[in-house]
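What follows is one structure encoded as structure tokens, with my remarks underneath.
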Amino acid sequence: MSEDTVETAAAEGAATRSGFVALIGATNAGKSTLVNRLVGAKVSIVSHKVQTTRAIVRGIAIHKQAQIVFMDTPGIFKPRRRLDRAMVTTAWGGAKDADAIMMLIDSERGLKGDAETILEGLKEVEQPKMLVLNKIDQVSREDLLKLAAAANEYVEFERTFMISALNGSGCDDVLDYLAMKLPEGPWYYPEDQISDLPMRQLAAEITREKLFLRLHQELPYSSHVETEKWEERKDGSVRIEQVIYVERDSQKKIALGKNGEAIKAISMASRKELSEILEQPVHLFLFVKVRENWGDDPERFREMGLEFPK
């Protein structure tokens with residue numbers, strides 16, 4: 001929305017609105033895909049691997065006279081490691097800090113697994129809550145209505161939406177409702193800003209996504225990407241150096257691949273997307289380093305935007 005549009009809306013008596021909306025749900029429910037769809041640009045990484053999102057990513061959408069800040073939280077699941085506990089704590093913390101909460105459920109999976117546990121946890125949260133059933137193109141209308149009724153037996157949702165984050169079906173209804181629902185007030189961010197994630201961190205997330213997409217069957221979760229150097233060059237290009245941290249030498253070999261094929265493919269895919277996002281040539285250099293037990297290092301948690309659990 002342009003400034004002229006905002007001024008016109010104000011002149012006609014339509015006040016601007018703004019607020020934070022937390023998306024919570026089980027892992028792989030489609031939260032990151034939905035945030036990207038609602039924002040209209042990629043702000044959160046997506047992969048078929050569960051627990052891809054580790055910290056809260058904020059994506060900013062302008063709809064009508066409202067600025068809606070979507071908080072893509074880590075998937076909620078039964079934690080096994082320190083990193084797991086930090087992610088789940090972050091997700092619930094994000095929900096309790098928001099103006100409204102959207103509970104996203106994979107319609108194919110229904111209330112199996114962690115969804116039921118999350119619904120129980122939502123009973124203790126006071127904010128207005130909406131139910132969003134995703135992947136509706138995979139399920140019959142009758143089953144969707146049964147699922148919506150079952151979820152509303154746990155929590156009294158103010159509104160239920162049926163959408164497909166992948167093709168956008170039903171997503172405009174979500175935006176229309178939130179643009180009317182959020183409190184009146186000034187916008188939190190400039191209108192051309194789509195995320196509050198620093199560019200260095202976004203670049204690391206893009207590379208982490210490519211790492212997952214390439215090696216999701218071989219490389220476990222014990223990997224982390226950091227942007228160590230960012231140099232704007234006189235020719236208009238940018239030189240970026242990143243380090244992929246793994247916990248063992250065997251994982252380093254997997255990340256590099258035979259004759260360096262894996263790391264080259266990851267670098268090419270990441271460089272291409274970063275060039276499109278930055279709208280300038282990118283020279284990307286990736287290094288793989290072994291850092292044993294990085295999952296127990298408080299500094300790594302701070303880098304990821306997570307609290308280090310005791």
What distance do Gln127 atom CD and Phe20 atom CZ have between them, rounded to the nearest 0.5 Å?
->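 It comes to 13.0 Å.
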
For the atom pair CD1 (Ile266) and CG (Leu256), what is the distance rounded to the nearest 0.5 Å?
->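 With rounding to 0.5 Å, CD1 (Ile266) is 9.0 Å from CG (Leu256).
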
Any luck finding a side-chain donor-acceptor pair between [X] and [Y] under 3.5 Å?
{"X": "Glu232", "Y": "Gln280", "result": "yes"}
{"X": "Asp114", "Y": "Thr117", "result": "no"}
{"X": "Asp143", "Y": "Ser140", "result": "yes"}
{"X": "Ser270", "Y": "Thr207", "result": "yes"}
{"X": "Thr16", "Y": "Gln65", "result": "no"}

Atom CE of Met268 with >12 non-hydrogen neighbours under 6.0 angstrom =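 Counting other residues, nucleotides and ligands, CE of Met268 stays at 12 neighbours or fewer.
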
Got a sec: does the CD of Glu231 have more than 12 other heavy atoms crowding it under 6.0 Å?
->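 Count over threshold, so yes.
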
Working for salt bridge (Lys or Arg N to Asp or Glu O under 4.0 Å), residues Lys135 and Glu108 = CA-CA 7 Å; Lys135 305 180 185 179; Glu108 287 187 288; 5.0 Å; no

Under the salt bridge (Lys or Arg N to Asp or Glu O under 4.0 Å) rule, collect the residues that match up with Lys146, sequence neighbours excluded.
->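 Expected list: Glu142.
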
Linked, directly or transitively: Leu133 and Leu145 (ILVMFWY side chains, under 4.5 Å) =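 Cluster IDs for Leu133 and Leu145 match.
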
Do the side chains of Leu286 and Trp230 join up, straight or via other hydrophobic residues, at under 4.5 Å, putting them in one cluster?
->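 Yes; Trp230 is reachable from Leu286 via cluster members.
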
Side-chain heavy-atom pair [X], [Y] within 4.5 angstrom cut-off:
{"X": "Leu131", "Y": "Arg159", "value": "no"}
{"X": "Lys181", "Y": "Glu158", "value": "yes"}
{"X": "Ile240", "Y": "Val238", "value": "yes"}

Option from Leu178, Leu182, Asp176 for which side chain to side chain contact (heavy atoms under 4.5 Å, CB included) with His63 holds =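 Answer to the side chain to side chain contact (heavy atoms under 4.5 Å, CB included) test with His63 among Leu178, Leu182, Asp176: Asp176.
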
Relative to the ring of His224, is the ring of Tyr245 parallel (under 30°), tilted (30 to 60°) or perpendicular (over 60°)?
->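 It falls in the parallel class, under 30°.
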
Do Gln242 and Ile206 pass the side chain to side chain contact (heavy atoms under 4.5 Å, CB included) test, and can you show the C-alpha distance, the side-chain angles, and the key distance before you say yes or no?
-> CA-CA 11 Å; Gln242 296 178 330; Ile206 294 295; over 6 Å; no

Residue list, side-chain contact (heavy atoms from CB on, under 4.5 Å) with Ile194, at least two apart or on another chain |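 Counting only residues at least two positions away or on another chain, Ile194 forms a side-chain contact (heavy atoms from CB on, under 4.5 Å) with Val39, Ala41, Val43.
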
Where do Ile136 and Ile163 land on the side chain to side chain contact (heavy atoms under 4.5 Å, CB included) test, with the steps shown first?
-> CA-CA 6 Å; Ile136 59 170; Ile163 64 126; 5.5 Å; no

Verdict with supporting geometry, Arg239 and Glu241, salt bridge (Lys or Arg N to Asp or Glu O under 4.0 Å) = CA-CA 7 Å; Arg239 175 189 172 94; Glu241 294 184 12; 2.8 Å; yes

Quick check, are the ring centers of Tyr177 and Phe161 under 6.0 angstrom apart?
->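 So the answer is yes for these two rings.
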
Going through the distances and angles, do Asn36 and Thr33 end up as a side chain to side chain donor-acceptor pair (under 3.5 Å)?
-> CA-CA 5 Å; Asn36 291 342; Thr33 302; 5.9 Å; no

Arg208 and Glu205: salt bridge (Lys or Arg N to Asp or Glu O under 4.0 Å), yes or no, with the steps?
-> CA-CA 5 Å; Arg208 187 163 69 90; Glu205 286 289 275; 3.0 Å; yes

